[in-house]
Amino acid sequence: MAIELTYLEEFALITLNRPEALNALSMDLIAHLGDCFDEVAKSKARALIIVGHGKAFCAGADIKELQDRELMAQKRGGELGQAVFAKLDTLPIASVAVINGYAFGGGMELALACTFRLATPNAKMGTPEIKLGLIPGYGGTQRLPRIVGEARALEMVMTGKTVDAQEAFRIGLVNRIVEGDPVVSGINFAREFSGYSLPVLGFARDAVKRASQTPLHEGLKIETDLGTLAFQTKDAAEGMSAFAGKRKATFIDR
Ligand code: DAK
């Protein structure tokens, strides 16, 4: 199977497993990823970790498959990739890409659609589509500037230059650089938040993500609305009561 979906403790793990093509994203593979995201959304997992098998996280869209496609097939392909990555971006749980090698083009866009990105020291990331006479098509032109800012995104997209793990960390493209087993690193990172209330984590993520999409006054209203919703949860009552009682809170996701 070119994609494996497994569950480890309370975490879902997607492994891109097409190492002979550096985990390049064929259309079938993208569609299968979408099915996996649907399954994860329905599961009891508290976070999703994504890694690549072999020396790449993902080398991007399958270039050999992209050649000689009709205009409308290209358009539909772009729409499918965007829709599948949007599913990932809006999963009810947070996602962590562990970039364990190359993450280029569509592979970088897959990572950009995750809530968090970690990089192993050998990671290389970039949007080299310009070298193929293309531009990113699965959300990269929109998510990259929201993460690293317009100037850096323009430079990456228009020069196709890649960044290593240190540079990716410096510009805020990845949250941290991790050593050792990528899956263990992803799980350890996810454990830093996965014990909190899932609905409240969702409000937090949605409020922060809206910051780059809305004018300040609207964003502040969203914060008030989601914050007020958080106060309605049993978990908020439990969290505040646990603080007052000097004990550890037990959240129940309600
Ligand atoms: N697609 C297909 N096969 C790939 C591939 C890819 N993206 N990347 C690597 N491979 C294959 C190689 O062809 C090779 O296969 P064989 O020749 O052995 O059969 C095998 O994986 C190993 O690759 P290399 O021999 O090249 O390995 P190296 O370690 O020497 O080099 C590399 C690794 C990652 C530097 C190199 O493979 C490379 O540059 N790969 C291409 C990276 C890239 O350009 N990615 C961006 C792809 S374009 C759209 C708009 C845009 C797009 C899609 C839709 N619409 C609006 C519809 C484009 C999106 C992209 O992602």
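Along the sequence shown, residues are numbered consecutively beginning with 1. Reckoned from all heavy atoms, side chains included, excluding hydrogens, waters and symmetry mates. Counting convention: from 1, in listed order, for ligands and their atoms alike.
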Inset, instruction - Could you tell me whether Lys221 and Asp225 make a salt bridge, using a distance below 4.0 angstrom between a side-chain N and a carboxylate O? - result: yes

Legend entry - Nearest non-hydrogen protein atom, atom 38 (C) of ligand 1: Phe104 CD1, 4.9 Å

Inset, instruction - Verify the contact flag for atom 21 (O) of ligand 1, where contact means a protein heavy atom under 4.0 Å away. - result: yes

Inset, instruction - Compare Leu110, Asp62, Asn23 and give the one whose heavy atom is closest to atom 2 (C) of ligand 1. - result: Asp62

Legend entry - Pair Phe116 and Phe189, ring centroids less than 6.0 Å apart: yes

Inset, instruction - Could you see which bit of Leu132 sits under 4.0 Å from ligand 1, with heavy atoms only: side chain, backbone, both or neither? - result: side chain

Inset, instruction - Measure from atom 44 (O) of ligand 1 to every heavy atom in Gly140, Ala73, Pro128 and give the option owning the shortest one. - result: Pro128

Legend entry - Residue, atom name and distance, where the atom is the protein heavy atom closest to atom 27 (O) of ligand 1: Leu22 CD1, 3.8 Å

Legend entry - Short side-chain donor-acceptor distance under 3.5 Å, Ser197 and Arg254: no

Inset, instruction - Report the C-alpha separation of Asn122 and Thr120 in whole Å, then their side-chain angles, then the decisive distance to 0.1 Å, and conclude whether the side-chain hydrogen bond (donor to acceptor under 3.5 Å, both in side chains) test is met. - result: CA-CA 6 Å; Asn122 62 333; Thr120 57; 2.5 Å; yes

Legend entry - Thr115 side chain to Ser95 backbone, donor-acceptor under 3.5 Å: yes

Legend entry - Nearest neighbour in protein (non-hydrogen) for atom 1 (N) of ligand 1: Ile63 N, 3.0 Å

Legend entry - Protein heavy atom under 4.0 Å of atom 40 (N) of ligand 1: no

Legend entry - Nearest-contact summary for atom 18 (O) of ligand 1 - protein heavy atom, Å: Glu20 O, 4.6 Å

Inset, instruction - Identify, for atom 10 (N) of ligand 1, the protein heavy atom at the shortest distance, and state residue, atom and that distance. - result: Ala21 O, 3.8 Å

Inset, instruction - Flag the pair Leu29 / Asn23 as yes when at least one side-chain heavy-atom distance between them is below 4.5 Å, and no otherwise. - result: no

Legend entry - Any N or O of Leu134 closer than 3.5 Å to N or O of ligand 1: no

Legend entry - Heavy-atom nearest neighbour in the protein, as seen from atom 30 (O) of ligand 1, with distance rounded to 0.1 Å: Lys55 NZ, 4.8 Å

Legend entry - Aromatic contact, Phe37 with Phe85 (centres under 6.0 Å): no

Legend entry - Nearest protein heavy atom with distance in Å, relative to atom 49 (C) of ligand 1: Gly137 CA, 3.9 Å

Legend entry - Arg247 vs Glu238, salt bridge (Lys or Arg N to Asp or Glu O under 4.0 Å): CA-CA, chis, key distance, verdict: CA-CA 10 Å; Arg247 61 178 173 81; Glu238 162 65 4; 2.9 Å; yes

Inset, instruction - Would you mind listing which atoms of ligand 1 come within a distance below 4.0 Å of any non-hydrogen atom of Ala24? - result: 1 (N), 2 (C), 6 (C)

Legend entry - Structural part of Ala59 in contact with ligand 1, heavy atom criterion under 4.0 angstrom: both

Inset, instruction - Given side chain to side chain contact (heavy atoms under 4.5 Å, CB included), test Thr6 with Ile14 step by step and report yes or no. - result: CA-CA 7 Å; Thr6 51; Ile14 287 180; over 6 Å; no

Inset, instruction - Would you mind checking which non-hydrogen protein atom is closest to atom 13 (O) of ligand 1, with the distance to 0.1 Å? - result: Lys64 NZ, 2.9 Å

Inset, instruction - Would you confirm whether any non-hydrogen atom of the protein falls under 4.0 Å from atom 15 (O) of ligand 1? - result: yes

Legend entry - Salt bridge flag under 4.0 Å for residues Glu192 and Arg176: yes

Legend entry - Heavy atom of Glu65, distance to ligand 1 below 4.0 Å: no

Legend entry - Whether Ile135 lies under 4.0 Å from ligand 1, heavy atom: yes

Legend entry - Lys87 and Asp38 ion-paired at < 4.0 Å: yes

Legend entry - atom 59 (C) of ligand 1 touched by protein heavy atom at under 4.0 Å: yes

Legend entry - Minimum non-hydrogen distance to atom 7 (N) of ligand 1, winning option of Ser26, Ala61, Gly60, Gly105: Ala61

Legend entry - Per-atom contacts, ligand 1 versus Gln74 - under 4.0 Å to a heavy atom: 57 (C)

Legend entry - Inter-residue atom distance Leu88.CG - Leu48.CG, 0.5 Å rounding: 6.5 Å

Legend entry - Pair Glu109 + Arg143, salt bridge at N-O below 4.0 Å: no

